[in-house]
2 protein chains.
Amino acid sequence: MAKTQSSDEMGTLSSKDLETVIRGADLRPTRQRLALANLLFAKGNRHITAEILHTEALDAGVKISLATIYNNLHQFTDAGLLREVVVDASKSYFDTNTLPHHHFFYDEEQRLEDIPDGQIRVENIPDIPEGYNISEVGVIVRLSRS
Amino acid sequence: MAKTQSSDEMGTLSSKDLETVIRGADLRPTRQRLALANLLFAKGNRHITAEILHTEALDAGVKISLATIYNNLHQFTDAGLLREVVVDASKSYFDTNTLPHHHFFYDEEQRLEDIPDGQIRVENIPDIPEGYNISEVGVIVRLSRS
DNA sequence: GAGTAGTTTAGAATATTTCTAAATTATTGA
DNA sequence: TCAATAATTTAGAAATATTCTAAACTACTC
């Protein structure tokens, strides 16, 4: 397997691989961090909030505080292993898919879902002011029950 | 002038007009509500947070509480006079332009700016699941200093 | 194994937004 | 005009999500 893998392909990482990923991000493979990495990266794409990840960790028997969840979500994000998606005014979602892509957001369920890259095209982005660059183009298609 | 006006054209409303707009939304033209409507709609498109609107009102000599700011922002939004734009994980922006359009967001300045409708096109939106409809397609182009 | 630097943690603090219940104001209709 | 009513405003408390602090703990280095 290639040494570098996109977050898209992290669905089958062994705990050895997870340790490698964590070390590659200049982080120590602590018990808590490994457990979070496992919850986040061991089963395909996820869109998760701090609170839900905390609950999942506790349910999995991992003793971990909410502060540590936040610390690690931000460290993973800084390391490029996660992407923060702003879609709800009151809480943050973290997406394990760091490749360029867009999202469906189900209003009633407060649930995010990937729209695979290439599927949507954004055309005709106007000129941007001198001295700036585009850091991200995000499309959110909001869905509600009809 | 036409009886119905898009929020786009509310830049020149007299206080009589503002009262009409407010009554049209089934709201009472109170001192506070008129003052807010004036701050919001009397000078072209705005993208504003509750806190900033509160400060502007106080600066203009209007005695008003923050709770009233929130009440009115939501009432205006429900009446279709404002649109809430989610772009920042920690606070909400309200946009006086309720026509379909997209946004630039200046990361460093935490500032929103309209991209006029028609300028950007979103193509190839995939099929959406049975039983849902698209309530909004939002594009945010994030800009950072280069 | 000792020293250090990174990590975790409980709990406090902060920020934004909502809620509550009481006081105030606008409206209606006698 | 005035009383009844319903909507509105308000201060302050509460709720929610997130960050901070400082102390305890753990992983790493030599």
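Labels below follow one simple rule: chain letters A, B, ... track the order of the sequence lines, proteins then strands, and each chain is numbered from 1.
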Legend entry - Set of residues satisfying side-chain contact (heavy atoms from CB on, under 4.5 Å) with respect to A/D127, sequence neighbours excluded: none
Inset, instruction - Kindly write out the residues that satisfy side-chain contact (heavy atoms from CB on, under 4.5 Å) with A/T77, not counting sequence neighbours, or none if the list is empty. - result: A/L82, A/F94
Legend entry - Whole-Å gap separating P (C/dT16) and CG (B/L73): 14 Å
Legend entry - Integer-rounded Å distance: C/dT18 P and B/H54 NE2: 15 Å
Legend entry - Residue pair B/N133 / A/L143, side-chain heavy-atom distance below 4.5 Å: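 The answer is no; the side chains never approach within 4.5 Å.
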Inset, instruction - Mind grabbing the angle between the end helix axes of the helix from C/dG1-D/dC30 to C/dA30-D/dT1? Five pairs an end, 10° rounding. - result: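 Computed angle between terminal axes is 20°.
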Inset, instruction - For residues 51-73 of chain A, pull every pair meeting ring pair (Phe, Tyr, Trp, His ring centres under 6.0 Å), keeping only residues two or more places apart or in separate chains. - result: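 Checked against ring pair (Phe, Tyr, Trp, His ring centres under 6.0 Å) - neighbours excluded - no pair reaches residues 51-73 of chain A.
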Legend entry - Shared-cluster residues of B/L112, by chain and number - hydrophobic side chains joined below 4.5 Å: B/V85, B/V87, B/Y93, B/F105, B/I140
Inset, instruction - Starting at the 5' end of nucleotides 5-13 of chain C, put B wherever the base has a protein heavy atom under 4.0 Å, S where only the sugar-phosphate does, and a dash everywhere else. - result: BSSBBS---
Inset, instruction - Sort and list the pairs that fulfil salt bridge (Lys or Arg N to Asp or Glu O under 4.0 Å) and have at least one residue in residues 128-139 of chain A, not counting sequence neighbours. - result: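 Only A/R83-A/E136 qualify under salt bridge (Lys or Arg N to Asp or Glu O under 4.0 Å).
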Inset, instruction - Sort and list the pairs that fulfil salt bridge (Lys or Arg N to Asp or Glu O under 4.0 Å) and have at least one residue in residues 49-71 of chain B, not counting sequence neighbours. - result: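 Sorted pair list: B/R46-B/E56.
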Heteroatom pairs (N/O) under 3.5 angstrom, protein to nucleotides 15-17 of chain D:
unit_1, atom_1, unit_2, atom_2, d
D/dA17, O3', A/S90, O, 3.2

Inset, instruction - Kindly write out the residues that satisfy salt bridge (Lys or Arg N to Asp or Glu O under 4.0 Å) with B/R121, not counting sequence neighbours, or none if the list is empty. - result: A/E123, B/E123
Side-chain donor-acceptor pairs of residues 21-28 of chain A under 3.5 Å, sequence neighbours excluded:
unit_1, atom_1, unit_2, atom_2, d
A/R23, NE, A/E19, OE2, 3.0
A/R23, NH2, A/E19, OE2, 2.9

Legend entry - By ring pair (Phe, Tyr, Trp, His ring centres under 6.0 Å) - contacts of B/Y132 (at least two apart):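 Only A/Y106 meet the ring pair (Phe, Tyr, Trp, His ring centres under 6.0 Å) criterion with B/Y132.
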Legend entry - Phosphate OP1/OP2 of D/dT18: any A/H74 side-chain N/O under 4.0 Å: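 Indeed not, no polar side-chain atom of A/H74 lies that close.
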